[in-house]
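Proteins get letters first, then strands, A, B, ... in listed order; numbering begins at 1 in each. Worth knowing before you read on, the calculation uses all heavy atoms, side chains too, and leaves out hydrogens, waters and symmetry mates.
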Amino acid sequence: MDKIFDFKACEAYYNQHWVENNVFKANVNRDKKPFTVIMPPPNITSKLHIGHAFNCTIIDALIRFKRMQGYETLMLPGADHAAIATEAKVVEELKKEGLNKQDLTREQFMERIQNWYDHYSAIICNQFKRLGLSCDWTRFTFTMDDHCKAEVNKAFHRLYKDGYIYQGERMINWCPTCHTALSEIEVEYSEVKRQIWTIQYGPLRVATTRPETLFGDIAVAVNPNDQRYQALIGKSIPLPLTDRTIPVIADETVDMKFGTGAVKITPAHDHHDYEVAERHHLAHIKVIDENGKLFGAYVGKYAGMTVAEARAAVVADLQAQGLLVATKEHVSNVGQCYRCHQTVEPAISKQWFVKMHDLAQPAIAALNNGLNIVPKKFQKIYLHWLNNIKDWCISRQLISGHRIPIEGETDVLDTWFSSALWPFVTLNKNQADFDYFYPTDVLVTAYEIIFFWVIRMVFSGLYHTQQLPFHTVLLHGLVRDSQGRKMSKSLGNGIDPLDIIEQHGCDVLRYSLLFGSRLDRDPNYGDEKITKARYFMNKIWNATKFVLMHKDNTLLVTALESFLKMLHPIAPYITEQIWHELGHDTDLAFEPFPTPVKGSKHWLQTSLNKIIRTITRRYEKYEFGIAANELQQWFWTDFCDKYIEECKPQTKSKPEPVVTPVDNQALAEHYRAEIARSSKMLANTGFLAKAPATLVQQEQEKLARFKELLYNLTGEH
RNA sequence: GGAAGUUUAGCUCAGUUGGGAGAGCAACUGCCCUACAAGCAGUAGGUCAUAGGUUCGAGCCCUAUAACUUCCACCA
């Protein structure tokens with residue numbers, strides 16, 4: 001056996017062995033129960049980051065665990081075309097060459113996109129393989145595969161035929177940079193310091209953060225109960241910088257305490273104003289175009305200016321005319337595109353929508369009927385969103401992606417429309433696969449995409465297949481740096497999983513990601529965990545060398561082998577290699593996990609403890625170390641118990657604390673303390689009267705036992 | 001504005017129907033007597049956020065408060 005573990009050679013060997021021999025190909029096998037996990041397909045926008053590694057490692061540990069338990073496991077890999085995100089990347093690339101999207105024909109642009117797909121899918125697949133994933137490569141699926149395209153079209157038409165899809169002129173969010181409509185969840189709000197200007201509109205004053213939109217004003221609204229403006233309701237007032245007049249209307253939604261209590265109503269460019277205009281049957285005047293510039297007859301000389309330019313010009317002109325009453329600092333939540341972070345423009349636009357209310361109902365019911373979301377806290381979030389669901393804007397004014405399958409339509413579908421179908425389109429290429437592997441078992445993903453993806457998969461699965469796409473959703477956190485900060489380019493605190501694999505090996509990466517990470521919180525990740533994982537892997541290797549030196553001792557070998565089996569789902573390479581070093585010619589990946597799991601947690605836990613303790617006792621100086629306990633605790637307590645229902649312990653028992661006093665004096669001291677404690681409890685009449693009889697009896701027995709022990713040791717009573 | 005989560009040793013966190021405060025890291029003290037200094041043995045360190053309540057008994061249950069985190073909604 002080598003002095004140190006050569007992880008590079010080991011990984012190279014097994015990566016080849018596992019992938020080239022299709023070792024983890026899943027087959028329909030009616031003698032076995034299937035266990036299926038469809039991996040979240042990463043966006044094909046860039047290489048994988050530490051968050052992907054975290055997600056994949058959790059899934060792979062679970063899959064390997066289930067495989068060793070005798071399930072026919074399918075871990076299905078894939079990638080997502082991520083239309084809007086990929087397109088943004090390609091546009092960025094073009095920009096470096098001094099080109100715009102419009103400079104290319106549709107075909108030329110699609111060629112660029114295709115090159116991007118090819119380039120990054122190769123990188124991503126290679127990265128997946130380096131992560132030691134035991135997935136079935138023969139089933140790799142890309143969301144733009146022909147089969148997926150066909151399924152997307154089918155799904156669209158099914159919804160269309162059933163009346164769930166409609167086209168309509170509605171208020172949506174428009175990204176002037178991505179140049180497309182967005183659904184409401186694709187807009188992120190963040191606080192931005194702005195200014196709020198008070199402007200004289202004839203006899204009254206209006207406060208606004210967006211003076212440049214005043215050309216689209218069709219009214220000023222006041223609260224009907226506002227005594228200040230009673231006389232003005234129904235009257236017309238002049239609109240500054242124009243020769244138009246607009247009416248003063250009364251609307252309950254106006255907050256009398258905010259600003260001047262009078263709100264300019266710009267229905268074409270504000271969500272709230274749109275609703276007010278609907279209620280009062282007022283027209284819309286569009287003054288901002290798709291590029292975020294002012295346009296049209298109503299804007300006069302401001303035409304062609306960007307929103308920011310027009311804002312400055314309008315403010316200056318109002319000031320010059322004496323109509324600017326006040327300027328104040330103001331913090332407001334501004335909506336930004338979740339992809340390019342550009343400020344979005346609310347706009348009225350003709351788009352395709354999915355009518356959501358009816359589709360949401362079965363997904364709501366599912367929570368009490370077979371759908372298990374862990375951690376539990378996300379169930380409320382799931383329900384709240386479904387209960388307040390809005391129609392889903394599914395059309396995007398992009399070039400790449402799934403074209404909306406209606407004649408003459410050039411828009412494409414929201415990427416998430418195809419993602420929503422993922423659990424069944426990956427499996428229904430052939431019926432036998434679908435029948436056996438679907439519904440899948442566990443969906444493992446980060447909680448941040450519960451609305452984008454998880455919920456949409458649930459209602460889509462229920463609608464298109466009449467079945468839940470999975471019975472359990474396991475949501476995990478986002479990997480943060482060692483100080484709990486988000487990893488970001490600007491902070492430069494990102495960690496490339498491939499770097500860690502190169503430097504320390506894949507087992508170190510996987511173990512360091514899982515160890516000490518609670519799955520329902522954002523895990524902090526950094527050097528400390530990596531170091532710890534390195535030490536641990538080193539310890540295992542050296543412990544093996546030690547065992548091989550004492551190989552005549554069967555106890556010892558058995559203990560190591562059990563341990564390797566338990567560790568294998570987390571650290572597959574080193575355990576597999578050691579397994580072979582011990583003389584086995586089978587794959588550890590297919591060895592039975594060292595226990596029937598149901599209800600046997602305690603057996604395993606105590607037996608492992610026993611093994612470790614035995615070894616410790618026998619070879620006082622040598623042991624596997626505390627880390628083995630930690631691993632066991634993590635795997636059984638955090639991973640299995642909390643997240644996978646069937647692994648929950650059926651019984652409860654506390655392990656006896658191990659007391660190993662060094663000498664008789666300390667032992668006697670310990671006995672006296674025990675006696676004092678028991679005596680005190682038994683002297684409490686309340687305890688005797690009200691505590692469960694068994695507990696009282698236990699305490700009495702304990703007292704008697706320790707009294708006897710003490711007597712035997714020292715002769716005292 | 002609505003909701004959720006967190007608060008236990010210096011740090012990261014365990015603590016499973018209420019019945020003896022735990023682990024690792026860090027610190028400190030010993031060990032180079034070889035599987036491993038990427039090591040071993042040991043020591044110390046806590047009003048379990050705060051204030052009440054329920055109970056014979058509370059880290060755990062209830063109420064309130066505070067701090068931090070997150071999600072949703074609104075913001076002229």
Side-chain angles (χ1 to χ4, degrees), chain A residues 1 3-5 184-185 189 191 196-199 206-211 213 220-221 253-255 258-266 270-273 276 330-334 375-381 384-385 388 447-448 450-451 477-478 482-484 504 515-518 520-524 526 528-529 531-550 601 619-623 625-627 629-630 633-634 637-638 641-642 648-649 651-654 657 662 673-674 677-678 681 684-692 694-696 698-699 702:
Chain A
M1 216 171 147
K3 190 163 162 49
I4 56 162
F5 173 52
E184 93 284 356
I185 44 174
Y189 291 86
E191 291 198 334
I196 186 161
W197 291 277
T198 306
I199 304 168
V206 161
T208 181
T209 55
R210 300 205 57 186
T213 64
V220 168
T253 62
V254 177
D255 183 351
F258 191 94
T260 61
V263 194
K264 67 195 234 16
I265 300 298
T266 321
D270 185 278
H271 292 280
H272 167 260
D273 295 359
V276 174
H330 182 68
V331 176
S332 59
N333 262 353
V334 176
K376 264 206 170 106
K377 65 177 176 181
F378 291 110
Q379 294 185 357
K380 266 197 175 177
I381 293 171
H384 182 262
W385 196 73
N388 295 284
Y447 62 76
E448 64 175 346
I450 185 166
F451 305 139
L478 311 173
S482 55
Q483 295 164 53
H504 310 297
F515 175 73
S517 298
R518 271 180 49 172
D520 61 340
R521 282 192 207 168
D522 290 348
N524 292 358
E528 197 183 309
K529 279 188 176 169
T531 304
K532 214 163 156 179
R534 260 173 50 221
Y535 289 5
F536 183 49
M537 293 306 146
N538 180 65
K539 171 61 80 182
I540 293 161
W541 187 256
N542 285 309
T544 304
K545 285 199 283 183
F546 174 77
V547 169
L548 287 173
M549 285 170 60
H550 303 79
K601 178 197 161 191
Y619 301 93
E620 272 179 307
K621 281 176 66 179
Y622 310 111
E623 60 161 319
I626 290 305
N629 288 314
E630 286 178 11
Q633 183 175 331
W634 174 80
T637 306
D638 293 344
D641 269 10
K642 287 190 181 149
K648 278 193 173 167
T651 56
K652 182 199 164 194
S653 71
K654 259 190 185 164
V662 283
E674 292 293 345
R677 182 183 163 277
S678 289
M681 271 182 93
N684 183 339
T685 51
F687 176 72
L688 292 175
K690 296 196 176 174
T694 51
L695 201 68
V696 176
Q698 244 176 56
E699 216 51 51
K702 214 179 278 180

Asks: Give none if B:A23 has no partner; otherwise give the nucleotide forming a Watson-Crick or G-U wobble pair with it, both distances under 3.5 Å.
Replies: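 Pairing partner, where one exists within any strand: B:U12.
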Asks: For the backbone of A:Asn524 and the side chain of A:Lys529, can you confirm whether one donor and one acceptor N or O come within less than 3.5 Å of each other?
Replies: yes
Asks: Counting side-chain heavy atoms from CB outward, which of B:A3, B:C71, B:G24 is closest to A:Lys532?
Replies: B:G24
Asks: For B:U7 versus B:U17, give the span between their C1' atoms, rounded off to a whole number of Å.
Replies: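 These two C1' atoms come out 24 Å apart once rounded.
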Asks: Under a 3.5 Å cut-off for both distances, is B:C61 Watson-Crick or wobble paired, and to whom?
Replies: B:G53
Asks: Using atom P in both nucleotides, what's the gap between B:U43 and B:A38 to the nearest angstrom?
Replies: 24 Å
Asks: Separation of A:Asn388 atom CG from B:C71 atom P, in whole Å?
Replies: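 Roughly 18 Å, once rounded to whole Å.
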Asks: Determine the Euclidean distance between corresponding P atoms of B:A58 and B:U54; express it in Å to zero decimal places.
Replies: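 So the two P atoms sit 11 Å from each other.
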Asks: For A:Phe5, which contact category applies under a 4.0 Å heavy-atom criterion: base, sugar-phosphate, or nothing?
Replies: nothing
Asks: How far, in whole Å, is B:C11 from B:U55 if one measures between their C1' atoms?
Replies: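 Here B:U55 and B:C11 have their C1' atoms 36 Å from each other.
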Asks: Ignoring backbone atoms, establish whether A:Arg677 has a side-chain N or O less than 4.0 Å from OP1 or OP2 of B:G20.
Replies: yes
Asks: Could you tell me how far apart A:Tyr189 (OH) and B:U70 (C1') are, to the nearest whole angstrom?
Replies: 18 Å
Asks: Could you tell me whether a side-chain N or O of A:Asp522 sits under 3.5 Å from a main-chain N or O of A:Gly477, the two making a donor and an acceptor?
Replies: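 Answer holds: no.
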Asks: Quick one: do the A:Thr209 and A:His330 side chains pair a donor with an acceptor below 3.5 Å?
Replies: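 Distance-only check fails for A:Thr209 and A:His330.
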Asks: To the nearest angstrom, how far is A:Glu191 atom CD from B:C71 atom P?
Replies: 13 Å
Asks: Any strand is fair game: report the nucleotide pairing with B:A44 by Watson-Crick or G-U wobble, both distances under 3.5 Å, or none.
Replies: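 Its partner: none found.
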Asks: To the nearest angstrom, how far is A:Lys380 atom NZ from B:G5 atom P?
Replies: 7 Å
Asks: When rounded to the nearest Å, what value does the distance between P atoms of B:A21 and B:A49 take?
Replies: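 The answer is 15 Å between these two P atoms.
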Asks: Kindly write out the residues that satisfy ring-ring contact (aromatic ring centres under 6.0 Å, His included) with A:Phe451, not counting sequence neighbours, or none if the list is empty.
Replies: A:Trp385
Asks: Identify whether any heavy atom of A:Val206 sits under 4.0 Å from a base atom; if not, whether one sits that close to sugar-phosphate; answer base, sugar-phosphate or nothing.
Replies: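 Since no nucleic acid heavy atom lies under 4.0 Å of A:Val206, the category is nothing.
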Asks: Quick test: give all pairs of protein nitrogen or oxygen and nucleotides 53-58 of chain B nitrogen or oxygen below 3.5 Å, distance rounded to 0.1 Å.
Replies:
residue : atom : partner  : partner atom : Å
B:C56   : OP1  : A:Lys690 : NZ           : 2.1
B:C56   : O2'  : A:Asn684 : ND2          : 3.0

Asks: In whole Å, measure the gap between the C1' atoms of B:C40 and B:A35 for me.
Replies: 12 Å
Asks: By nearest nucleotide on RNA chain B, pick out whichever of A:Val331 and A:His384 is the more 5' one.
Replies: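 Whichever sits nearer the 5' end wins; that is A:His384.
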Asks: B:C71 P sits how many Å from A:Glu184 CD, rounded?
Replies: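 A:Glu184 atom CD is separated from B:C71 atom P by 16 Å.
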Asks: Kindly point out which of B:C25, B:G20, B:C71 is positioned nearest to the side chain of A:Glu674?
Replies: B:G20
Asks: Under 4.0 Å, heavy atoms only, any strand: does A:His272 hit a base, just the sugar-phosphate, or nothing?
Replies: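 The answer is sugar-phosphate, as A:His272 gets under 4.0 Å only of primed atoms, P, OP1 or OP2.
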Asks: So, is A:Lys377 close to the B:G5 phosphate, meaning a side-chain N or O under 4.0 Å from OP1 or OP2?
Replies: no
Asks: Quick one: look up who B:A3 pairs with, Watson-Crick or G-U, both distances under 3.5 Å, and put none if it's unpaired.
Replies: B:U70
Asks: Which heavy atom of A:Gly261 sits nearest a heavy atom of A:Val254, and at what distance?
Replies: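 Heavy atoms only, the tightest pair is O-CG1, 3.4 Å.
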Asks: What residues form a salt bridge (Lys or Arg N to Asp or Glu O under 4.0 Å) with A:Arg210, not counting sequence neighbours?
Replies: A:Glu212, A:Glu345
Asks: B:U63 and B:G24: how far apart are their C1' atoms, nearest whole angstrom?
Replies: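 36 Å, rounded to whole Å.
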Asks: Taking atom C1' in both B:G45 and B:A26, what distance in whole Å separates the two?
Replies: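 It works out to 12 Å between them.
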Asks: With a cut-off of 6.0 Å (strictly less than), are more than 12 heavy atoms of other residues, nucleotides or ligands near CD of A:Glu528?
Replies: no
Asks: In whole angstrom, give the distance that lies between atom CG of A:Asn524 and atom C1' of B:U6.
Replies: 13 Å
Asks: Which atoms form the tightest heavy-atom contact between A:Asp273 and A:Asp270, and what is the distance?
Replies: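 Residues A:Asp273 and A:Asp270, closest heavy atoms: N-OD1, 3.0 Å.
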Asks: To the nearest Å, give me how far apart OH (A:Tyr535) and P (B:A38) are.
Replies: 7 Å
Asks: Write down the distance between CZ (A:Phe378) and C1' (B:C72), rounded to a whole number of angstrom.
Replies: 13 Å
Asks: If pairing requires Watson-Crick or G-U wobble contacts with both distances under 3.5 Å, which nucleotide is the partner of B:G39?
Replies: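 Matched B:G39 with B:C31 under the 3.5 Å cut-off.
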Asks: On RNA chain B, does the nearest nucleotide to A:Tyr447 precede the nearest nucleotide to A:Asn542 from the 5' side, or the other way round? Give the residue.
Replies: A:Asn542
Asks: Would you compute the distance between atom CG of A:Leu695 and atom NZ of A:Lys690 and round it to the nearest 0.5 angstrom?
Replies: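 So the gap between those two atoms works out to 15.5 Å.
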